[in-house]
Student: 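Take a look at the following structure, please.
For this chain, numbers begin at 1 and follow the sequence in order.
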Amino acid sequence: MTPTQHDIALDPPVALAPLAGITDLPFRNLVSRFGAGLVVSEMIASGEFLSARPGTREKAELGAEVENTAVQIAGREPGAMAEAARQVADMGARVIDINMGCPAKKVTGGLSGSALMRDPDHALRLIEAVVGAVDLPVTLKTRLGWDDDRRNAPDLARRAEAAGVGRVVIHGRTRCQFYKGRADWAAIRAVKAAVSIPVIANGDIVDTATARDALAQSRADGVMIGRGAQGRPWALAEVAHDIHGARAPDIPQGEALCDMISDHYNAMLRFYGADLGLRVARKHLGWYMDRAGTPAPLRREVLTCREAAKVTRLIPLMIHHGERVAA
């Protein structure tokens with residue numbers, strides 16, 4: 001197959017970053033309902049996916065067929081990456097995203113993720129394998145480089161564009177920085193200058209102010225937001241409205257907020273099952289309580305409760321208590 005750059009316009013140009021254990025189907029659906037140009041699945045390791053290890057195939061099925069969803073894959077072997085891309089495409093995926101930015105040791109130790117920035121020739125072979133395997137838009141997410149001595153994102157992006165990648169997302173840190181320090185949005189400008197495809201800025205973008213700053217410094221075409229959406233699933237829609245004139249989100253307050261959180265909680269229980277869902281939901285409930293200022297004793301009760309029905313009953317209490325404390 002000859003590499004082709006598909007039309008993958010991002011409208012609005014505000015995307016949800018893939019976050020392991022966080023951007024699951026229930027959360028992505030919630031963010032999408034408020035308004036986002038794109039949401040990206042949790043990273044799928046191609047080798048595990050092909051061996052159908054429990055839990056991995058389920059991640060690939062997290063709304064692959066939804067229009068504004070990209071399914072992100074990672075790996076080291078071109079054949080496995082190509083086959084994973086084909087299978088994800090068969091599941092109805094609209095966009096395949098290649099991860100070359102994850103800094104986790106368990107990923108880079110397997111010579112995947114951002115470790116590939118140390119071997120751009122091999123990285124290119126993986127990109128070519130995926131682009132050649134599917135007739136879908138293929139995008140790339142990476143970092144500035146492995147370390148400050150090897151900031152090779154502009155060269156990798158240029159080669160990826162030539163191989164058929166239609167968009168790149170750059171996290172404004174090197175792998176060796178992990179998530180320390182500040183994202184260097186200005187350094188993304190060199191990537192933007194190196195390619196003609198859209199470039200999306202990522203890293204430390206949490207609200208309208210940081211999005212404006214990132215766009216000004218990077219000259220990128222859009223932004224990708226991760227932790228800024230935790231406890232604030234409307235955050236992307238706010239940025240899209242403030243900067244790009246998209247429809248303003250109806251941010252829930254009071255009872256409407258309680259209803260939204262309850263719906264999100266119940267969606268997680270249905271998706272994961274009661275036992276696992278109860279545990280997975282705690283991080284999201286914690287973020288909602290952070291925002292509401294829920295008192296510590298009630299917060300502990302919510303996060304240690306082992307009865308889903310009781311947690312549901314506590315949700316209005318945790319929000320209204322928080323409102324009274326904040327006042």
Side-chain angles (χ1 to χ4, degrees), residues 16-36 39-43 54-56 58-59 61-63 66 69 104 178-179 204-208 210 224-239 249-327:
L16 178 68
L19 299 171
I22 297 170
T23 55
D24 55 20
L25 181 61
F27 187 64
R28 294 205 316 270
N29 283 346
L30 183 55
V31 170
S32 291
R33 282 198 293 274
F34 280 103
V39 295
V40 185
S41 75
E42 299 169 87
M43 183 186 73
T56 305
E58 288 83 349
K59 288 183 180 179
E61 294 171 349
L62 301 186
V66 178
T69 297
F178 283 85
Y179 295 98
D204 294 345
I205 302 169
V206 298
D207 54 19
T208 297
T210 50
M224 178 171 277
I225 296 173
R227 59 187 172 86
Q230 295 171 353
R232 300 171 57 243
W234 52 82
L236 278 74
E238 277 190 304
V239 171
D250 185 8
I251 300 174
Q253 305 287 339
E255 292 302 320
L257 178 60
C258 295
D259 290 344
M260 185 210 78
I261 295 172
S262 294
D263 289 346
H264 184 195
Y265 182 65
N266 288 319
M268 285 185 280
L269 296 180
R270 290 192 299 270
F271 183 77
Y272 290 105
D275 291 341
L276 179 57
L278 185 70
R279 298 193 297 273
V280 170
R282 286 172 179 158
K283 61 173 73 75
H284 290 279
L285 294 175
W287 292 320
Y288 290 132
M289 288 189 285
D290 287 344
R291 184 175 180 275
T294 305
L298 179 55
R299 181 187 180 91
R300 285 194 295 272
E301 184 178 5
V302 171
L303 296 182
T304 58
C305 182
R306 298 183 178 181
E307 300 176 26
K310 184 177 179 181
V311 172
T312 300
R313 293 195 298 271
L314 288 172
I315 287 174
L317 192 61
M318 78 186 197
I319 295 302
H320 294 311
H321 262 269
E323 289 173 352
R324 287 200 292 272
V325 169

Student: A side-chain contact here means heavy atoms from C-beta on lying under 4.5 Å apart; do Ile205 and Met224 qualify?
Tutor: no

Student: What I'd like to find out is whether the side chain of Leu19 reaches to under 4.5 Å of the side chain of Phe27, using heavy atoms alone.
Tutor: no

Student: In sequence, state the C-alpha distance, the side-chain angles, and the governing distance for Asp207 and Glu238, and then conclude on side-chain contact (heavy atoms from CB on, under 4.5 Å).
Tutor: CA-CA 8 Å; Asp207 54 19; Glu238 277 190 304; over 6 Å; no

Student: As a quick check of understanding, evaluate side-chain contact (heavy atoms from CB on, under 4.5 Å) for Leu236 and Leu16, giving each step before the final call.
Tutor: CA-CA 7 Å; Leu236 278 74; Leu16 178 68; 3.8 Å; yes

Student: With a 4.5 Å limit on heavy-atom distance, are the side chains of Arg33 and Pro233 in contact?
Tutor: no

Student: If I take atom CG from residue Leu257 and atom CD1 from residue Ile251, how far apart are they, to the nearest 0.5 angstrom?
Tutor: 10.5 Å

Student: Are any of the side-chain heavy atoms of Val302 and Thr294 separated by less than 4.5 Å?
Tutor: no

Student: Which heavy atom of Leu269 sits nearest a heavy atom of Gly277, and at what distance?
Tutor: CD2-C, 3.7 Å

Student: Set out, in order, the CA-CA distance, both residues' side-chain angles and the distance that settles side-chain contact (heavy atoms from CB on, under 4.5 Å) for Asp290 and Gln230, then state yes or no.
Tutor: CA-CA 10 Å; Asp290 287 344; Gln230 295 171 353; over 6 Å; no

Student: Just wondering, do Met43 and Pro18 contact through their side chains at under 4.5 Å, heavy atoms?
Tutor: no

Student: What is the distance from atom NE2 of His284 to atom NE2 of His264, rounded to the nearest 0.5 Å?
Tutor: 4.5 Å

Student: What distance separates Arg300 CZ from Cys305 SG, expressed to the nearest 0.5 Å?
Tutor: 14.5 Å

Student: Between Arg227 and Asp204, is the side-chain contact (heavy atoms from CB on, under 4.5 Å) condition met? List the steps.
Tutor: CA-CA 8 Å; Arg227 59 187 172 86; Asp204 294 345; 3.2 Å; yes

Student: Quick one: pull up CG in Asp250 and CE in Met260 and give me the separation to the nearest 0.5 Å.
Tutor: 11.5 Å

Student: Just to verify, what does Glu301 make a salt bridge (Lys or Arg N to Asp or Glu O under 4.0 Å) with, not counting sequence neighbours?
Tutor: Lys310

Student: Might you point out which heavy atoms bring Glu42 and Ala20 nearest each other, and give the distance in Å?
Tutor: OE1-C, 3.8 Å

Student: Over all heavy atoms of both residues, which pair between Ala229 and Ala235 is shortest? Give the atoms and the distance, please.
Tutor: CA-CB, 4.2 Å

Student: Report yes if some heavy atom in the side chain of Phe34 is under 4.5 Å from a heavy atom in the side chain of Pro252; otherwise report no.
Tutor: yes

Student: What is the distance from atom CG of Leu30 to atom CG of Asp263, rounded to the nearest 0.5 Å?
Tutor: 9.0 Å

Student: For Gly286 versus Leu303, what's the shortest heavy-atom pair and its separation?
Tutor: N-CD2, 4.2 Å

Student: Can a side-chain donor-acceptor contact be found between Ser32 and Asn29 if the only test is distance below 3.5 angstrom?
Tutor: no

Student: Work out which heavy atom in Thr23 is nearest to a heavy atom in Ala17; give both atom names and the distance.
Tutor: CG2-O, 3.1 Å

Student: Measure the CD1-CH2 distance between Ile261 and Trp287 for me, rounded to the nearest 0.5 Å.
Tutor: 13.5 Å

Student: For Arg313, what residues pass the side-chain hydrogen bond (donor to acceptor under 3.5 Å, both in side chains) criterion, not counting sequence neighbours?
Tutor: none

Student: Any pair with a residue in residues 265-286 that passes salt bridge (Lys or Arg N to Asp or Glu O under 4.0 Å), sequence neighbours left out, goes on the list, sorted by first then second residue, please.
Tutor: none

